[in-house]
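Reviewing the structure listed below.
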Amino acid sequence: MTENRFDPSIADGRWQRAWDEARCFEADSNSDKPKSYVLEMFPYPSGRIHIGHVRNYTMGDVLARYKKMRGHEVLHPMGWDAFGMPAENAAMEKGVHPGGWTRDNIANMKAQLKRIGFALDWNREFATCDPEYYGHEQALFIDMFNAGLVYRKESEVNWDPVDNTVLANEQVIDGKGWRSGAEVEKRKLNQWFLKITDFADDLLDGLGELKDWPDKVRLMQENWIGKSQGLQFAFELSDGQKVEVYSTRPDTIFGASFVAVAADHPIAQGVAVDNSDAQAFIEKCKAGGTTAAELETAEKLGFDTGIAAQHPLDPNVQLPVYVANFVLMDYGTGAVMGVPGHDQRDFDFAKKYQLPIARVIASDPADADSPLTEAESGDGVLVNSQSYDGMTVDEAKAAIISKLESQGCGEGKTVWRLRDWGVSRQRYWGTPIPIIYSPDHGPVPVPKDQLPLELPEDIDFEEPGNPLDRHPTWKHTTCPISGKPALRETDTLDTFTNSSWYFLRFASQPGDKPFDAEEVAKWLPVEQYIGGIEHAILHLLYARFWTRALKHMGQIDFGEPFASLFTQGMVTHETYSRQDSGREVYFTPSEVERGGESAVLKLDGKPVDIGRVIKMSKSKKNVVDPDDIIETYGADAVRWFMLSDSPPERDLPWSEAGIEGCSRFVHRLWRLFGQFDAGASGDDKALARKTHQTIAAVADDIEALSFNKAVARLYELTGATEKAKPSTTRNEAIRTILLLASPMMPHLAEEAWEQLGGEGLIAEATWPEVDEALLVDDEVTIAIQHKGKLRDTLTVAKGLPKDEMEALALASEKVQRLLDGAEVRKVIVVPDRLVNIVT
RNA sequence: GCGGGCGUGGCGGAAUUGGUAGACGCGCUGGUUUUAGGUACCAGUAUCUUACGAUGUGGGGGUUCGAGUCCCUUCGCCCGCACCA
């Protein structure tokens, strides 16, 4: 068999068909085996599988195949996050129907995924735009509505006054609409919200049990939820009103030099009634984007209302009241006390409007009068704070809260940064919100027996805005209670709702309800969830919220959907571009011939600029098509590349040389498998030890998702086996490599398994047993250091006592030379590791 | 702006978590095989130095017998910021 060459173009398809026919990746929920639910974040069907998807799904695939070899019943499903804006954009640009466009994309991408040989249970595939799926989602929305978890309130959107349409944040560029170029305004609309804040405490507490989530993700969620303890209190105003403010730093109250309210705060609105300057300022605040990043990086602007606020603890102090663009109506009370000395935003504001900047916290009380050049947010003791001077920050917080509580004008309060989740979208391609506005009964849910409430097919994208709202008949219906004519809600749900429960639908797909509780209980929680770090907060928090909401409503009995989370890095590549009449024009790597330091465009042979290595993206054209590389190198080489070298949580730079190296290794393994020598005899202790150490190490590495390390170990064992003389041990090593590599290179593994006469499919084989006795080496190499610097190494018996190690080290010739009779002051001995001699 | 992360040879990275820095791969150099190219195989490859040796994990400082790993500080890059998915 050494003669024949491994040909992926034949083997890949052959084994993919064999797996399908054997139905070996279909999950059996009646199995007695321990279960493993391996899930990768499902893709948006943009048209082509992206190399980032390939990396993500390869990782999950290796784990799924490995778990199967370890005797688990594995659920490894795939589906499509199929609603969203790109389909509508395609409809507007190309005149295609969003549904048809999406279906075509799904068909293409599914074929692409098949060509990579993923061990997926395609029986459970669905798309979120299937009426069956979104119908069940509507039912869940109605359940949440009935459970009091849904409400309507006014909320701001980006409004394009030219296109008369709502813009997503990404459609606002430098404060202008992406198509019209018009200045974007903030406009208020009545929108639907889910009460995620009801679960704020629980979502925060739950992070504690997510031991197998990255610390960074838990920290990001914790900060996002943003629980803070503070003081809410009222300032009496010179016009007789009061204004409630909230502060997490009540200890700095004597440093307050102004009060600021949000532009849509009632005080601001009241002032604007007969003050055109105030009106103009509020209008100005409404211009520009709505994102937090924009608000917080924008120049701090204020409008002095002329109102004065009485300081609650110092009768001699009155503070000016400003309307300020950096105060958010959504957080706390929509009004703050400005303490320039200890908050940088307030500091910037005070500088601009020449307000006093007082120090009220100092790390050393002697510094009480040292001026501040920037806000100091550090710890210390109070100064310039009357009777509170000398208290620590924590003491002062407590004392000032209780003082204001006793005065009856304030109270200690917990405030959350987390806001309720606005789910209304003024778009067509999403789940229709199943609500009917009844003339007599207000908003009422669509009766469940009328679900799914389907999107109309006949829509037009001739003009911007929501085609559902423009549709001639769709929104006209009758009130389910009175039967009178009524209108449907024409907003659709945020696509994040689609991905907030799909993992339940993969576990069970009854026709008459969203999921079967028993089946869900069998499969959930997901043992291993894998996806991009960009979902660290929103998607993962929303999915956790839905799971809790379903538990709250008694539909399931667990609160955390994902037991273990892994966030993989991006696939990156340098960019190629040229300046062309003021615009940067990008070229794909396949259009470019890359030299050592330079690159030229194949088309005209002229140089192009080489840009930095960044995330692959369509706009920068630094992408490679998985189909192209699979055709050239085969699925196994591509899979191997996805797993090699870069740690999976870090970015993976795509490289032509790298994939070629992987392809060579595939063929190198094939040749090694060909050297299986049934007639060989004899043992090889060293190789046996290496083999069993590798079995254990690769298993540990895969369980830890450290695929790059598993790959390195397989390289090492391959090298050692190639060098070894024929023996039964060598045959065992070859067989072992085949089994260990099979989750990563399943096509090659099947082909070789067949040639070596393995039973059945290797996809259904068992992971090799480790001989524990062979794991431990009996000799170790120890380091001999002099004052911490390596001077010599010695090979000694493992477990050699400390004093013997010391004696051996001191006797070493090099050490003797170095010491040259000097006095040994100290010797540090670490068993099996090193001896450090200090003189 | 706020929150989170990353930084080690020419490149991707490893380092049993405070104990021999550079495993493994790519690339490169030299050689062998091949009609040639490719493949394959062998040897070498952190930097400086003739050598002894010295230096070296973004920069600076510190703790320690010993620091890539811990602490302080600083620079650069990346991700998220609630209507992209």
Side-chain angles (χ1 to χ4, degrees), chain A residues 5 41 43-44 46 81 83-86 155 157-158 166-172 191 196 214-217 219-224 226 290-298 300 326 330 344-345 348 417-427 494-496 498-499 532-539 541-542 567 569-570 572 596 612-615 644-647 649-653 655-662 664-665 667-668 671 708-709 711-716 719 722 781-793 825-828 830 833-839:
Chain A
R5 216 175 135 74
M41 292 178 184
Y44 178 79
S46 57
D81 189 13
F83 275 136
M85 290 202 309
S155 145
V157 294
N158 299 308
V166 177
L167 299 177
N169 284 335
E170 70 159 15
Q171 297 173 320
V172 180
Q191 309 205 66
I196 190 171
D215 289 341
K216 62 179 171 183
V217 175
L219 194 57
M220 284 159 87
Q221 292 216 349
E222 184 181 327
N223 289 331
W224 186 261
T290 58
T291 70
E294 281 170 315
L295 292 174
E296 282 167 36
T297 48
K300 311 276 174 289
F326 64 94
D330 289 328
Q344 192 59 42
R345 288 170 302 184
D348 296 342
R417 208 186 77 96
L418 181 69
R419 310 197 299 258
D420 276 335
W421 174 12
V423 291
S424 292
R425 298 290 181 272
Q426 294 71 37
R427 297 185 210 296
D494 179 7
T495 55
F496 272 124
N498 307 140
S499 52
I533 185 66
E534 65 273 21
H535 295 294
I537 298 177
L538 292 181
H539 160 60
L541 194 64
Y542 291 152
T567 55
M570 301 173 300
T572 59
R612 286 189 306 112
V613 175
I614 55 168
K615 177 181 180 172
S644 304
D645 294 355
S646 284
E649 70 277 9
R650 245 191 269 178
D651 289 352
L652 170 70
S655 102
E656 197 73 21
I659 182 71
E660 279 173 11
C662 291
R664 278 202 297 273
F665 184 66
H667 294 290
R668 183 175 151 200
R671 284 194 302 276
N708 58 320
K709 294 191 210 167
V711 162
R713 309 234 190 237
L714 282 167
Y715 275 123
E716 284 187 58
E722 283 169 338
T781 304
I782 61 165
I784 311 300
Q785 295 180 337
H786 176 233
K787 292 200 269 191
K789 283 186 189 280
L790 180 72
R791 294 300 168 185
D792 201 1
T793 58
R825 298 215 327 254
K826 199 172 171 186
V827 179
I828 290 134
V830 181
R833 299 222 57 108
L834 60 76
V835 179
N836 187 13
I837 298 156
V838 186
T839 53

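A quick note: this is a predicted structure, and the numbers were derived from the prediction, not measured.
- Taking the syn range as angles within 90° of 0, the glycosidic angle of B:rG9 is syn.
- Side-chain proximity of A:Met570 to the nucleotides B:rC78, B:rC65, B:rA40 is greatest for B:rC78.
- Counting non-hydrogen atoms under 4.0 angstrom, A:Ala657 reaches the backbone sugars and phosphates but no base.
- Protein atom CD of A:Glu660 is 10 Å distant from nucleotide atom P of B:rC28, rounded to whole Å.
- Between the NZ atom of A:Lys826 and the P atom of B:rG66 there is a distance of 9 Å, rounded to whole Å.
- B:rG66 and B:rC6 are spaced 27 Å apart, taking the C1' atom of each and rounding to whole Å.
- Taking the C1' atoms as reference points, B:rU47 lies 7 Å from B:rG56, given to the whole Å.
- Two residues, A:Ser646 and A:Lys300, neighbour RNA chain B, and the one matched to the more 5' nucleotide by heavy-atom proximity is A:Lys300.
- Closest approach to the A:Ala712 side chain among B:rC24, B:rA15, B:rG19 is made by B:rC24 (side chain taken as heavy atoms from C-beta onward).
- In this structure, CD1 in A:Ile837 is found 12.0 Å from NZ in A:Lys787, a value given to the nearest 0.5 Å.
- Nucleotides B:rU8 and B:rG59 are separated by 10 Å at their P atoms, to the nearest Å.
- When the C1' atom is compared between B:rA46 and B:rC41, the two are found 26 Å apart, to the nearest whole Å.
- Nearer to the 5' terminus of RNA chain B, by closest-nucleotide assignment, is the contact made by A:Pro647 (compared with the other of A:Thr781 and A:Pro647).
- Partners of A:Arg425 by salt bridge (Lys or Arg N to Asp or Glu O under 4.0 Å), not counting sequence neighbours, listed by chain and number: A:Asp494.
- Annotated as syn: B:rU17, whose glycosidic dihedral is within 90° of 0.
- Residues forming a salt bridge (Lys or Arg N to Asp or Glu O under 4.0 Å) with A:Arg668 (at least two apart in sequence, or on another chain): A:Glu722.
- In the set B:rC6, B:rC65, B:rA21, the nucleotide with an atom closest to the side chain of A:Val838 is B:rC65.
- Under 4.0 angstrom from either OP1 or OP2 of B:rG25 there lies no side-chain N or O belonging to A:Arg713.
- Summarising the geometry, the separation between CG on A:Asp348 and P on B:rG1 is reported as 10 Å, rounded to the nearest angstrom.
- The aromatic rings of A:Phe496 and A:His539 lie parallel to each other, with less than 30° between the two planes, well short of the 60° mark.
- Using P as the reference atom, B:rG53 and B:rG5 are 43 Å apart when rounded to the nearest Å.
- Across B:rU33 and B:rU17, the matching C1' atoms stand 47 Å from one another, rounded to whole Å.
- Between A:Arg664 and the phosphate of B:rG38, there is no side-chain N or O to OP1/OP2 separation shorter than 4.0 Å.
- Closest approach to the A:Arg791 side chain among B:rG12, B:rA54, B:rG3 is made by B:rA54 (side chain taken as heavy atoms from C-beta onward).
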Tabulate protein N/O versus nucleotide N/O from nucleotides 81-85 of chain B, keeping only pairs under 3.5 Å, one per line.
residue : atom : partner  : partner atom : Å
B:rA82  : OP2  : A:Ala292 : N            : 3.1
B:rA82  : O2'  : A:Arg419 : NH2          : 3.4
B:rA82  : N6   : A:Arg417 : O            : 2.9
B:rA82  : N1   : A:Arg419 : N            : 3.0
B:rC83  : OP2  : A:Arg425 : NH2          : 2.8
B:rC83  : O4'  : A:Arg425 : NE           : 3.2
B:rC83  : O4'  : A:Arg425 : NH2          : 3.3
B:rC83  : O3'  : A:Asn169 : N            : 3.2
B:rC83  : O2'  : A:Asn169 : N            : 2.6
B:rC83  : O2   : A:Arg427 : NH2          : 2.4
B:rC83  : N4   : A:Gln191 : OE1          : 3.0
B:rC83  : N4   : A:Ser424 : O            : 3.4
B:rC83  : N4   : A:Gln426 : OE1          : 2.9
B:rC84  : OP2  : A:Asn169 : N            : 3.3
B:rC84  : OP2  : A:Glu170 : N            : 2.9
B:rC84  : O4'  : A:Glu170 : OE1          : 3.1
B:rC84  : O4'  : A:Glu170 : OE2          : 3.4
B:rA85  : OP1  : A:Met85  : N            : 3.2
B:rA85  : OP2  : A:Thr495 : OG1          : 3.3
B:rA85  : O3'  : A:Asp81  : OD2          : 2.9

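- Note: CG (A:Leu790) to P (B:rU55) measures 13 Å, nearest angstrom.
- Atom-to-atom, CG of A:Leu652 to C1' of B:rC6 comes out at 16 Å; the value is rounded to the nearest Å.
- A straight line from CG of A:Asp651 to C1' of B:rC6 spans 9 Å, rounded to a whole angstrom.
- Looking at the side chain of A:Pro653, the nearest of the listed nucleotides B:rA14, B:rC41, B:rG12 is B:rG12.
- Whole-Å rounding puts the A:Leu219 CG to B:rG3 P distance at 10 Å.
- Using a 4.0 Å cut-off, some side-chain N or O of A:Lys709 falls inside it from OP1 or OP2 of B:rA15.
- In this structure, A:Lys789 reaches the B:rU55 phosphate: one of its side-chain N or O atoms is under 4.0 Å from OP1 or OP2.
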